[in-house]
Protein chains: 2
Amino acid sequence: MIGGVTKAETGEKTRQRGPRRDAADNRDRVLAAAATAVRREGIAVPMATIAADAGVGVGTVYRHFPSREALLSALTHRSFELVLAAATQAAETNADSEEPGAEAVRRFLDRTVEHGGDLVMPLRGGPPALDERTAAVQAAVHAQLRALLQAGVRDGSLRADVTAGDLVIFGALLTEQLPHVADWNTAARRVIDVYVAGLAPTAAPLRAAPVVPSPA
Amino acid sequence: MIGGVTKAETGEKTRQRGPRRDAADNRDRVLAAAATAVRREGIAVPMATIAADAGVGVGTVYRHFPSREALLSALTHRSFELVLAAATQAAETNADSEEPGAEAVRRFLDRTVEHGGDLVMPLRGGPPALDERTAAVQAAVHAQLRALLQAGVRDGSLRADVTAGDLVIFGALLTEQLPHVADWNTAARRVIDVYVAGLAPTAAPLRAAPVVPSPA
DNA sequence: ACTTAAGCGGACGATATCTTCCGTTTAAGC
DNA sequence: GCTTAAACGGAAGATATCGTCCGCTTAAGT
C-alpha cells in the first residue's frame, strides 16, 4: 500500500501483476486443509498441522493469512460463499421451474449438509465477528432466501411467518456434527424433513417474533 | 485402590468416609465454571482460566479431574443428566395430564435451550466418546423420549416415524449458539416451533430410515 | 480441644504452539 | 535464457499451557 504507488505509475495499472499461480494454488490448499482440520480437531488446531495437511510450510500459511484469526475469518467467508452458491442455485432453479417453494428450501438445506465438510460456520468458539465482506455475502444469502420464501408463500407451499434469518440459523446448526452419530447425512436429512414439514402453511403460528441476525 | 484396603479393615466399612464438604463444593464449582468457560472460549480453554473462574487453584481442578479429558467427560455427563431431568419431567407431566404429546415434546426442547448455558454436548471438537456411565444416562434419555413419543402417537398429536434419536440429535444441535445472534433463546424457540409443527401426523413421510445414535 | 488425613493453592520444570525471519527456490515477463 | 521479485520452507526465539509436587490449611471425628 505504501511502496506500491511509486512503482506502478503506469496510469491505472496499479496492481497489474496478478498473484503467481503457485501462490493461488497454495492459498486454496491451505484453506481446504484448514476447513478439514478445524472440523476434525476444533478451532485450536495447530497451524503446523494445517500447514502439513496442505503440504506447505508454516511460513506459507502465515504469508497468506497473517494470523490464525485471519485464517478463520477467511474460512468463514468461504463458507458463506458456498452457502450463497447453494441459495442462489436453489432460488434460480425454483424461478425457472414450477416446483413448490418448499422443495427448493429443502434442496437448499440438503446442499448445506452435503457441503458440511467444507463449512466452518461461526458457531461456539468460532471466529467471533463477521468482517465486512463476509457480512455482505451473508446479506446476499438472506436476499436469495427471502426470494425463495416469498415464492413459496405465493405458490402456497410455505407459511408466511418464517424468515430468511430462520433458515440461516437452522442451516448453520445443521453444519455441526455429533461425532458419535455414524451416518450424519442421514440423520441430518431426517431433521430437515421434519423441519420442512413444519414449514407448511397449515402449521400453528410461531410463538416468538422474528429475530434479525445481522445483515440490516 | 491399593492402600485403601489395608486400612479399612473394619468389615464392609470400606470407603466409610465421604468426601469433605468443601471438596464437594469445589467440585461443583469447577464443573459450573468449566461449562461456562467452555461455552465461552471453546474446549481448548486453559485449565488456569477454569480454575480462576471457579475461585480455586489449578491443583484443585486436577485433583478432582485428573486430566482435561476427564473434566470434559464429566461435563458431558452432567449435561446428559440435566437433559435426562428435562426428559423425565416432560414424560411424567405428560403422563399425569391430558396435554397432547406434541406439547410435551415442545416443552422438553424448550427446557433444553433454557439449560443451554450449562450444557456441553459432544459436538465438533468435544469429548470424542461417551463413557459407560454417560451412555447409560443417554439410554435413559432415549427411553423417556420414546415413552413421550408413543404417548403422542397414541393421542394423535405426533407422527409415528420420528424416533427418540431424532429428538436427541435435534436437541443437541439446539445447544449450540451462533455468537452473533443476539437473542438466541428467541431464535431457538422459532426453530423449535417449526420443527414441532413438522411433527404433526399429517406431515409427509421422512425420506431416510431411522438412525440409531449410540445406546443399543 | 486435639489429631489426622483429606484438601488446597500456586510455583515450577517440561512441553507445545505461535509467529517471525531469512536464505533458497521458482514463476513470469522481457 | 536471463532477470527479478514474489513465494517458499522451516529453524528458532518468544510465549503459553500443561500437569505435578509439596508445604500449608481445614474439615471432621474423638
Side-chain angles (χ1 to χ4, degrees), chain A residues 1-10 13-31 33-34 37-38 40-74 125 127, chain B residues 1-10 13-31 33-34 37-38 40-74 125 127:
Chain A
M1 273 285 199
I2 294 172
V5 177
T6 311
K7 186 192 151 199
E9 283 302 299
T10 339
K13 277 189 181 175
T14 29
R15 181 192 289 200
Q16 69 208 83
R17 192 167 295 205
R20 250 163 62 169
R21 181 139 26 107
D22 57 346
D25 285 356
N26 277 337
R27 187 175 195 280
D28 287 349
R29 288 209 282 169
V30 168
L31 268 181
V38 165
R40 185 180 63 235
E41 303 186 27
I43 56 166
V45 57
M47 298 294 259
T49 301
I50 295 172
D53 286 3
V56 303
V58 274
T60 300
V61 174
Y62 275 96
R63 185 163 336 92
H64 290 297
F65 309 99
S67 67
R68 165 188 299 279
E69 194 185 323
L71 175 55
L72 292 176
S73 265
Chain B
M1 276 287 204
I2 294 173
V5 177
T6 310
K7 185 196 151 197
E9 283 302 297
T10 340
K13 276 190 179 174
T14 30
R15 183 191 286 199
Q16 69 209 79
R17 191 168 295 204
R20 252 164 62 170
R21 181 140 24 109
D22 57 346
D25 285 355
N26 277 336
R27 187 176 194 280
D28 289 347
R29 288 210 281 169
V30 168
L31 268 180
V38 165
R40 185 180 62 235
E41 303 185 28
I43 56 166
V45 57
M47 299 293 258
T49 302
I50 294 172
D53 287 3
V56 303
V58 271
T60 300
V61 174
Y62 276 98
R63 187 165 334 94
H64 289 298
F65 309 98
S67 67
R68 166 188 297 279
E69 194 186 322
L71 174 55
L72 291 176
S73 266

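Atom set for the values below is all heavy atoms of this structure, side chains included, hydrogens, waters and symmetry mates excluded.
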Treating a pair as Watson-Crick (purine N1 to pyrimidine N3 plus N6-O4 or O6-N4) or G-U wobble (N1-O2 and O6-N3) with both distances under 3.5 Å, list the stems of 3 or more consecutive pairs that involve DNA chain D.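 As far as DNA chain D goes, consecutive pairing (with distances under 3.5 Å) yields the stems C:1-30 with D:1-30.
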Rounded to whole Å, please give me the gap between [atom1] in [X] and [atom2] in [N].
X     : N      : atom1 : atom2 : answer
A/R29 : D/dG9  : CZ    : C1'   : 13 Å
A/Y62 : C/dT17 : OH    : C1'   : 8 Å
A/F65 : D/dA7  : CZ    : P     : 13 Å
B/L71 : D/dG19 : CG    : C1'   : 13 Å
B/N26 : C/dG10 : CG    : C1'   : 15 Å
A/E41 : C/dA16 : CD    : P     : 14 Å
A/R63 : D/dG10 : CZ    : C1'   : 12 Å
A/I43 : C/dT17 : CD1   : C1'   : 15 Å

Please give me the minimum heavy-atom distance between [X] and [Y], naming the atom from each residue.
X     : Y     : result
B/F65 : B/A74 : CE2-CB, 3.6 Å
B/V30 : B/I50 : O-CG2, 4.1 Å
B/R68 : B/I43 : NH1-O, 2.7 Å

Establish, with yes or no, whether the OP1 or OP2 oxygen of C/dG7 is under 4.0 angstrom from a side-chain nitrogen or oxygen of B/T60.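 Answer no for this pair, as no side-chain N or O of B/T60 is under 4.0 Å from OP1 or OP2.
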Side-chain N,O (A/H64) to OP1/OP2 (D/dA7) below 4.0 Å: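 No, outside the criterion.
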Please list, chain by chain and in numerical order, all residues satisfying side-chain contact (heavy atoms from CB on, under 4.5 Å) with [X], sequence neighbours excluded.
X     : answer
A/A51 : A/V56, A/V58, A/V61
B/R63 : B/T60
A/P66 : A/A70

Taking the nucleotide of DNA chain D with the closest heavy atom to each, which residue, B/R68 or A/A24, is nearer the 5' end?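 Nearest nucleotide further toward 5': that of A/A24.
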Under a 4.0 Å heavy-atom cut-off, which of residues 47-57 of chain B touch DNA chain D?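 Output list: B/M47.
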Any chance you could measure B/S67, atom OG, to B/Y62, atom OH, to the nearest 0.5 Å?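 Output value for this atom pair is 8.0 Å.
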Contact string for nucleotides 25-30 of chain D, one letter per nucleotide 5' to 3', B = base within protein heavy-atom range under 4.0 Å, S = sugar-phosphate only, - = neither, reads -BSS--
